Amino acid sequence: MMHPHTIKAAVFDIDGTLAMMDKETGTYTALPGAAEALAACKARGIPAVAYTNGTFFPPAHYYPLLADAGLVLEPGHILTPAAVAARALAAMGYTRIMVMGAEGTTVPVQDAGIEVIAPSKTAPRVDAVLLGWCKDFNAEQVEAVVQAVWGGARPFAGSVAPYFAGAGGKRLLGISGAIAAALTNATGVPVTVFGKPEAAGLEIVTAITGARPHEMMIVGDDPKLEIRMGRRAGALCVGVTTGVVDDAGFQAFPEDERAQIVLPSLVGFADQAFLRGQDGW
Ligand SMILES: [Mg+2]
């Protein structure tokens with residue numbers, strides 16, 4: 001018996017799992033079997049949530065991008081670490097934070113009712129800073145974030161993953177992880193992370209679907225992100241080798257931290273026993 005619970009929600013990673021992004025064109029291409037996997041969940045009444053570790057865009061921007069690639073998610077069923085962070089920071093009582101990030105980070109923070117302060121020399125005092133993906137940043141902004149933390153602000157990030165899977169098998173740099181490393185290098189203060197492999201996102205999945213973490217199936221290409229998050233939470237973890245690692249990369253972890261199932265792609269996902277609802281899954 002590999003997983004004793006009926007699956008009541010499926011949480012799919014996006015980059016390297018459902019789709020690949022082409023950074024030149026800003027478009028997604030679905031990976032083989034991805035659309036069929038979402039359809040199989042729907043047909044079985046299993047809500048599917050797409051939880052990316054990227055914060056290029058606010059969640060709302062992902063729906064049409066993925067739909068253009070043939071991947072249709074229900075409203076409210078796409079999560080980003082920035083959205084998870086915004087919700088958690090609002091719950092922690094922050095009303096004004098410095099955000100170093102593009103609109104993928106600033107929009108969810110504003111939507112959570114928190115005032116966003118841009119990092120600059122003239123920025124007012126803040127109690128927290130949040131790092132997200134950004135493309136065009138400069139030394140003044142990095143220094144403003146460092147100064148805020150020297151001044152006592154707590155540092156947070158959506159993700160500190162070093163890289164993620166891009167089109168053509170290319171690794172793409174995790175910008176917020178790079179800035180977090182610079183921040184900790186300067187201040188000695190560790191950055192608190194909300195994205196994967198932390199489990200904060202699964203609390204939102206529970207709020208959306210009613211499924212508890214051990215009733216979820218987590219599908220992802222990164223053993224250090226999706227699989228680590230899922231195993232800690234007691235979920236059924238399915239690794240796919242269409243992203244950052246091959247089968248050996250998944251098997252390189254101790255048994256209790258490893259994906260219970262590793263698939264070469266999402267082709268045939270619909271035929272897997274865990275979706276057919278057999279006893280013992
Ligand atoms: Mg991925």
Side-chain angles (χ1 to χ4, degrees), residues 10-23 26-35 37-38 41 48-57 59 61-62 65-66 69 71 73 77-85 104 132-133 157-178 193-202 204-205 216-233 235-253 257-267 269:
V11 181
F12 292 89
D13 172 50
I14 297 180
D15 297 274
T17 301
L18 287 176
M20 286 295 197
M21 175 183 261
D22 185 327
K23 286 288 279 291
T27 58
Y28 271 113
T29 304
L31 280 160
L38 293 179
C41 290
V49 175
Y51 179 19
T52 176
N53 225 35
T55 50
F56 310 111
F57 314 112
H61 288 211
Y62 282 94
L65 276 176
L66 291 175
L71 303 171
L73 278 300
H77 284 55
I78 296 180
L79 294 179
T80 72
V84 173
W133 181 83
S159 166
V160 294
Y163 54 83
F164 58 97
K170 236 180 110 177
R171 284 178 176 181
L172 301 176
L173 176 66
I175 301 286
S176 54
V193 178
F194 290 108
K196 306 170 198 174
E198 301 308 317
L202 298 185
I204 300 182
V205 176
M216 296 176 193
M217 168 172 51
I218 313 293
V219 187
D221 69 298
D222 194 327
K224 293 178 183 165
L225 297 180
E226 292 85 35
I227 308 306
R228 190 165 281 168
M229 171 181 73
R231 288 305 306 260
R232 283 178 183 168
L236 173 65
C237 293
V238 180
V240 287
T241 59
T242 44
V244 292
V245 300
D246 58 11
D247 186 67
F250 280 105
Q251 305 308 336
F253 289 79
E257 298 172 22
R258 196 186 294 164
Q260 291 100 322
I261 297 162
V262 178
L263 302 174
S265 77
L266 290 175
V267 174
F269 177 89

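All ligand and atom numbering here is 1-based and tracks the order in the structure. Note that the coordinates shown come from a computational prediction; the quantities given were computed from them, not determined experimentally.
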Could you tell me whether a side-chain N or O of [X] sits under 3.5 Å from a main-chain N or O of [Y], the two making a donor and an acceptor?
X	Y	value
T242	S265	no
T55	W133	yes
T241	D247	no

Legend entry - F250 and P223, any side-chain heavy atoms less than 4.5 Å apart: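 SC-SC contact between P223 and F250 confirmed.
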Inset, instruction - In plain terms, say whether D222 and K196 are close enough for a salt bridge, that is, a side-chain N and a carboxylate O under 4.0 Å apart. - result: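 So D222 does not pair with K196 through a salt bridge.
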Inset, instruction - Using side-chain contact (heavy atoms from CB on, under 4.5 Å) as the criterion, list what pairs up with T27, not counting sequence neighbours. - result: D22, T25
Legend entry - Closer than 2.8 Å to the Mg ion (ligand 1) - protein N, O or S atoms, ordered by chain and residue number: D13 OD2, D15 O, D221 OD1
